[in-house]
Protein chains: 2
Amino acid sequence: MKLRRVTSKQVAERAGVSQTTVSFVLNDAPNSNISEETRQRVFDAARELNYVPDMAARNLARGRSNTIALILIKPHEKVFADPYIPNVISGLNHVAKANGLRILVHQVETLTGTSQLDAVSDLLRSGEAAGAIISGWMPEVSEVAQPLLDDGYPLVLLDIPDAPIEAIPCVSIDHLSGVRELTQYLIELGHRRIGCITYGPMTDLQVQKRLTMFRETLRIANVPIIPEFLRLGAYDPDSGYAAALSLLDMDEPPTAIYCMNDLMALGAIAAIHERGLRIPEDVSVVGYDDMRFAPYTVPALTTMRAPESELGERAGELLISLMNKKTRKFKQQVLRSQLIVRNSCGVVR
Amino acid sequence: MKLRRVTSKQVAERAGVSQTTVSFVLNDAPNSNISEETRQRVFDAARELNYVPDMAARNLARGRSNTIALILIKPHEKVFADPYIPNVISGLNHVAKANGLRILVHQVETLTGTSQLDAVSDLLRSGEAAGAIISGWMPEVSEVAQPLLDDGYPLVLLDIPDAPIEAIPCVSIDHLSGVRELTQYLIELGHRRIGCITYGPMTDLQVQKRLTMFRETLRIANVPIIPEFLRLGAYDPDSGYAAALSLLDMDEPPTAIYCMNDLMALGAIAAIHERGLRIPEDVSVVGYDDMRFAPYTVPALTTMRAPESELGERAGELLISLMNKKTRKFKQQVLRSQLIVRNSCGVVR
DNA sequence: GCGCTTTAGTAATGCGTATTACTACAATAA
DNA sequence: TTATTGTAGTAATACGCATTACTAAAGCGC
């Protein structure tokens with residue numbers, strides 16, 4: 001189980017120098033005066049013995065770990081329900097590798113309950129990770145984050161819904177603008193009866209805000225907000241299907257359906273076909289996420305694409321700058337989503 | 001940047017005991033005789049000071065880290081192209097949490113080149129992770145894995161193509177049986193002209209074996225193997241679309257198209273519709289993966305579902321047993337995929 | 001009242017590295 | 001010649017915990 005460790009001491013012995021010298025050479029210490037010849041001896045000895053520094057010892061001595069934590073606060077089954085987090089990891093991985101850092105992925109269901117709150121806090125305070133990125137906003141997050149930030153712990157929050165806490169470094173995708181843009185697009189096409197399929201739980205701040213923005217955009221454009229046109233889905237195609245059916249079966253159904261994500265839009269499209277209606281002639285549909293199947297729905301789905309991988313990169317960069325600089329200065333960054341117009345929307349007749 | 005650490009020494013001071021006692025109490029050491037009263041004092045002091053053990057120090061002292069590494073050997077853009085890895089992480093996360101372990105995700109493009117090979121080897125030999133799961137098979141993997149295993153390092157390989165190296169602990173999904181089952185299903189429906197859209201690179205052993213199995217199944221059933229019916233896609237819908245078009249435009253096109261994954265099947269379905277053909281009356285289609293959109297293609301896609309999350313769980317369990325037990329005994333495990341019959345296949349006319 | 005065991009702890013050490021403070025020697029400057 | 005500055009290293013220590021070896025006091029049988 002336990003590998004026989006080769007220590008720097010053994011390397012030193014073999015090279016006929018002190019352990020200090022080994023450390024100096026292998027870390028290329030700035031003010032060490034080691035002759036080229038000795039350096040070579042150390043390198044050779046290290047290679048011959050297949051020396052690999054013990055990370056625990058190094059971290060302890062340096063007082064800093066070489067990993068950053070990605071904390072995912074989201075119910076188990078939802079973390080990887082869509083490519084959002086994978087894409088973030090992908091981007092983060094990129095900058096982590098460039099900086100010689102490891103990524104620790106830690107998923108936790110929620111933060112209600114002191115024990116879970118402490119679990120996250122302890123993970124970071126234990127020094128396991130030299131910094132952390134927290135994804136998944138809820139009010140309790142700031143309870144964890146603020147004390148850590150006050151202590152100078154490098155922390156970056158991901159995707160805080162608008163009105164961000166000023167003092168917290170964060171990188172977000174401006175989903176609210178995305179929602180507005182998408183809604184306006186429907187309005188510009190002449191739709192005035194716009195259904196909406198959102199998803200729960202309604203305690204999710206992100207979802208709430210998006211819904212509010214949807215309504216607000218309608219209001220500003222003087223498009224009637226019809227409460228009966230709102231459906232609560234469950235994130236997945238089946239729920240979108242059911243919700244769409246119930247919308248279509250109304251006496252005066254909507255001419256457009258705004259789906260809060262592509263998966264539900266997928267179900268909605270099936271429902272519309274099932275009722276013998278045409279897209280977009282009879283009903284327009286939009287989704288959100290631009291998942292891989294979106295170009296291949298029939299007709300191809302108009303949706304919003306978020307720069308998720310870039311989000312991960314930016315978050316990583318910000319975190320690293322916080323880790324390196326004494327300064328606690330930072331700027332909150334906001335990335336914009338992109339409207340992907342395909343064929344699922346048409347002008348209202 | 002650096003949190004002011006609370007050390008066990010400070011806790012000891014506050015509780016009026018020795019550091020040893022603090023360690024004994026907080027770790028609930030088996031043969032320590034500490035009175036209930038003293039225990040309480042220690043607990044109180046620890047809580048009051050908000051003490052969190054330093055993980056680097058703990059790991060060093062214990063000689064073992066509390067994290068396990070998930071090594072992903074796959075090109076950057078393909079790691080998260082489908083939910084395979086996310087699902088594995090999901091399952092792995094489950095058992096990791098139950099065992100108080102962290103997950104370190106390390107992605108590396110390939111293993112050609114000594115530097116990359118060493119990077120992985122060093123990560124594990126550095127003791128950063130107490131064990132590792134390696135996903136992404138290529139011959140070089142065993143170059144990394146074998147020496148580590150010989151040294152007793154706990155290692156589990158994921159999804160080695162059949163004919164596994166006997167001496168290596170691994171957990172796999174039996175994709176070859178999946179391919180056979182799917183192919184046989186088409187044959188049983190009477191298809192004798194079966195096109196195949198595979199994906200590259202052809203150096204990928206997994207892909208090669210699957211293709212071989214596809215052909216072998218045809219051969220055994222005396223179904224002609226028509227080389228012109230083979231297309232090399234690029235994993236994504238667009239390539240499936242193009243490949244399918246070129247199959248359909250042949251003088252004597254296939255009556256069924258076997259797609260090596262759902263994404264390409266998605267494109268193929270679009271191509272079939274584009275040529276004005278009906279599914280499954282004119283052409284049958286199968287995919288592989290059972291991605292979320294599969295029930296909602298038109299018609300719903302018949303495909304193969306792999307127990308990916310379970311794969312992660314099993315791998316985690318096996319790894320943990322290797323980490324705990326002195327014994328190096330293990331059993332290679334193979335999980336079966338499940339045929340999901342929907343509506344994209346019909347009997348040949 | 002003597003040895004023996006149990007109870008309730010503590011002192012000391014080790015883990016493997018990074019780093020600080022020091023040394024021996026040579027080269028140079030005054 | 002002597003003081004000064006490099007040069008090329010080394011010895012010693014810190015990092016914070018776990019753990020082993022030890023101790024002082026109390027309990028107990030006889």
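Residue numbers start from 1 in every chain, and the chains themselves are labelled A, B, ... in the order their sequence lines are given, proteins ahead of strands.
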[X] side-chain N/O to [N] phosphate OP1/OP2 under 4.0 Å:
X	N	answer
A:Ser8	C:dT17	yes
B:Thr21	C:dT10	yes
B:Arg58	D:dA18	yes
B:Ser35	C:dA8	no
A:Asn59	D:dC15	no

Rounded interatomic separation in angstrom, taking [atom1] from [X] and [atom2] from [N]:
X	N	atom1	atom2	answer
A:Asp28	C:dA18	CG	C1'	14 Å
A:Glu128	D:dC17	CD	C1'	14 Å
B:Asn33	C:dT5	CG	P	16 Å
B:Arg62	D:dT20	CZ	C1'	16 Å
A:Asp54	C:dC15	CG	P	11 Å
A:Arg64	C:dT19	CZ	P	12 Å
A:Asn31	C:dA18	CG	P	16 Å
A:Gln40	D:dG9	CD	P	13 Å

Using a strict 4.0 Å threshold on nitrogen-to-oxygen distance, state whether [X] and [Y] make a salt bridge.
X	Y	result
B:Glu37	B:Arg41	yes
A:Asp122	A:Arg125	no
A:Arg5	B:Asp151	no

Name the nucleic acid region contacted by [X], choosing base, sugar-phosphate or nothing; use a 4.0 angstrom heavy-atom cut-off, strictly under.
X	answer
B:Val22	nothing
B:Thr7	sugar-phosphate
B:Thr38	sugar-phosphate

(message) For C:dA18, does the base pair up with any side-chain atom of A:Gln19 as donor and acceptor (N or O, under 3.5 Å, distance only)?
(response) yes

(message) Once hydrogens and angles are ignored, does a donor-acceptor distance under 3.5 Å link the base of C:dA11 to the side chain of B:Thr20?
(response) yes

(message) Taking the nucleotide of DNA chain C with the nearest heavy atom to each, does B:Ala61 or B:Val17 sit closer to the 5' end?
(response) B:Val17

Which nucleotide, [options], lies nearest any side-chain atom of [X]?
X	options	answer
A:Ile34	D:dG9, D:dA18, C:dA18	D:dG9
A:Arg5	C:dA18, C:dG16, C:dT10	C:dG16
A:Asn27	C:dT10, C:dT17, C:dA18	C:dA18
A:Phe24	C:dT17, C:dT19, D:dG16	C:dT19

(request) Decide side-chain hydrogen bond (donor to acceptor under 3.5 Å, both in side chains) for A:Thr21 and A:Ser18; before the verdict, give the C-alpha distance in whole Å, the side-chain angles of both, and the deciding distance to 0.1 Å. (result) CA-CA 5 Å; A:Thr21 301; A:Ser18 71; 3.1 Å; yes

(message) Just to verify, which of A:Leu311, A:Leu335, A:Val171 counts as forming a side-chain contact (heavy atoms from CB on, under 4.5 Å) with A:Asp159?
(response) A:Leu311

(message) Looking at every heavy atom in both B:Glu140 and B:Leu117, which two are closest together, and how far apart are they?
(response) CB-CD1, 4.1 Å

